[in-house]
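Only one structure is covered here, and it is reproduced in the block below.
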Amino acid sequence: MTDTKTISKKMSYWLRHNPAAGQLTLDGAGWAGTADVLAALGRARLPNGLDDLAHVVATNDKKRFELSPDGTRIRARQGHSIEIDAEWPQTPPPAVLYHGTVDRFLPSILEQGLVPGARHHVHLSPDVVTAQKVGARRGEPVILEVLAGALADSGAVFLLSSNGVWLTAHVPPAFLRRLAE
Ligand code: HQG
C-alpha cells in the first residue's frame, strides 16, 4: 500500500535525520512521542491514526521502527545520522559477516576499509542474501566477507541491533575478503 511506504519514508527521515522537519524532538535514545509523530503525519496530510502507525511498524520490511512497550513512544532502530545513544548490546560476532556494496566503492574500501559514512556505524549483514539486497540498492551487488571474529579478537566492539543488523565502528582492509562469484 502506497501510504504505508510514504509514511515509512517520512518517519525514517524525521526519526533518523531531521526531527525538526516534523516538529519533533527526540530524547537521547532516539525516542519521539507517538502522539507527536501522529500529529506530524497529519500535518504532512498522511493517514495518522494509531492503527496506521502500528501497521507501518508491524509490516515494515526491515523492522525499521520500534514502539515502546506502552505504545507512547516510537524510534528508529538504527541508521541515524543525528547523534543518539541507542546502544545495542555488545555481542560477540560470528566468524564471518557480510557487507553488500558495489564495484565503484571497492578501490576506496580496499584502501580505507569500511567506514560509517553518514551513519554512526558500519552495517554488516548476517548472511549473503541480506548483503546482496543491501548492495543491490546501488547497482550490481558485490559481496565482501568480513572476518568479524578475528576483528573482535583484535579488540573491535560489535553491537547487534534488534533486527539482526551487526554494527561496528570500522573494518580495516585486512579483515575484508571479496566473496568469490
Ligand atoms: C560504502 C539499509 C567508499 C558502503 C540497508 C555503502 C542496510 C565505502 C556506502 C543499511 C567505504 C554506505 C546500511 C569506503 C563503506 N569508501 N565507500 N571506505 N566504506 N563504503 O547506506 O551498508 O534502508 O550508509 O559499502 O538495508 O549500504 O536504511 O550503508 O555502499 O541495512 O533501513 O558506503 O541501510 O537499511 O551506505 O546500508 P549506507 P549500507 P535502511
Side-chain angles (χ1 to χ4, degrees), residues 1-91 93 97-102 105 114-127 129-139 141 157-171:
M1 171 176 145
T2 325
D3 279 345
T4 303
K5 206 165 176 189
T6 311
I7 294 172
S8 168
K9 281 199 168 163
K10 272 278 184 221
M11 292 204 320
S12 281
Y13 181 58
W14 294 332
L15 296 176
R16 288 168 158 182
H17 307 300
N18 192 352
Q23 299 176 36
L24 300 172
T25 42
L26 308 189
D27 73 9
W31 294 103
T34 304
D36 298 333
V37 171
L38 293 175
L41 288 171
R43 282 191 295 272
R45 301 185 187 284
L46 287 164
N48 72 333
L50 187 54
D51 51 341
D52 299 306
L53 186 71
H55 180 73
V56 169
V57 172
T59 59
N60 187 264
D61 54 348
K62 290 182 193 151
K63 302 199 170 26
R64 286 189 183 87
F65 308 109
E66 179 178 21
L67 273 168
S68 62
D70 66 1
T72 61
R73 297 182 307 157
I74 183 166
R75 70 175 172 184
R77 288 183 197 270
Q78 82 278 307
H80 300 84
S81 59
I82 48 174
E83 200 58 49
I84 61 151
D85 59 9
E87 284 292 286
W88 299 110
Q90 196 174 325
T91 311
L97 289 169
Y98 300 91
H99 181 81
T101 187
V102 283
F105 294 155
L114 291 173
V115 297
R119 303 188 193 249
H120 287 177
H121 298 99
V122 172
H123 287 223
L124 303 173
S125 306
D127 55 67
V129 172
T130 308
Q132 272 165 342
K133 287 184 192 152
V134 174
R137 296 178 304 147
R138 300 203 155 79
V157 169
F158 283 77
L159 309 173
L160 178 56
S161 90
S162 54
N163 59 349
V165 177
W166 287 86
L167 308 167
T168 195
H170 175 224
V171 180

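These numbers were taken from a predicted model, which means no experiment stands behind them.
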Could you grab the distance from atom [atom1] of [X] to atom [atom2] of [Y], nearest 0.5 Å is fine?
X    : Y    : atom1 : atom2 : result
D127 : Q132 : CG    : CD    : 9.0 Å
N60  : M11  : CG    : CE    : 7.5 Å
I7   : L38  : CD1   : CG    : 9.5 Å
L67  : L53  : CG    : CG    : 5.5 Å
L114 : T168 : CG    : OG1   : 10.0 Å
T130 : K62  : OG1   : NZ    : 10.0 Å

inquiry  = Heavy-atom count check: over 12 atoms from other residues, nucleotides or ligands less than 6.0 Å from R137 CZ?
reply    = yes

Looking only at atom types and distance, does a side-chain atom of [X] sit under 3.5 Å from a main-chain N or O of [Y], one as donor and one as acceptor?
X    : Y    : result
R138 : T101 : no
H121 : P116 : no
R75  : L15  : no
W88  : R77  : yes
S81  : A118 : no

ask   = Can V115 and H170 be said to form a side chain to side chain contact (heavy atoms under 4.5 Å, CB included), step by step?
value = CA-CA 5 Å; V115 297; H170 175 224; 4.0 Å; yes

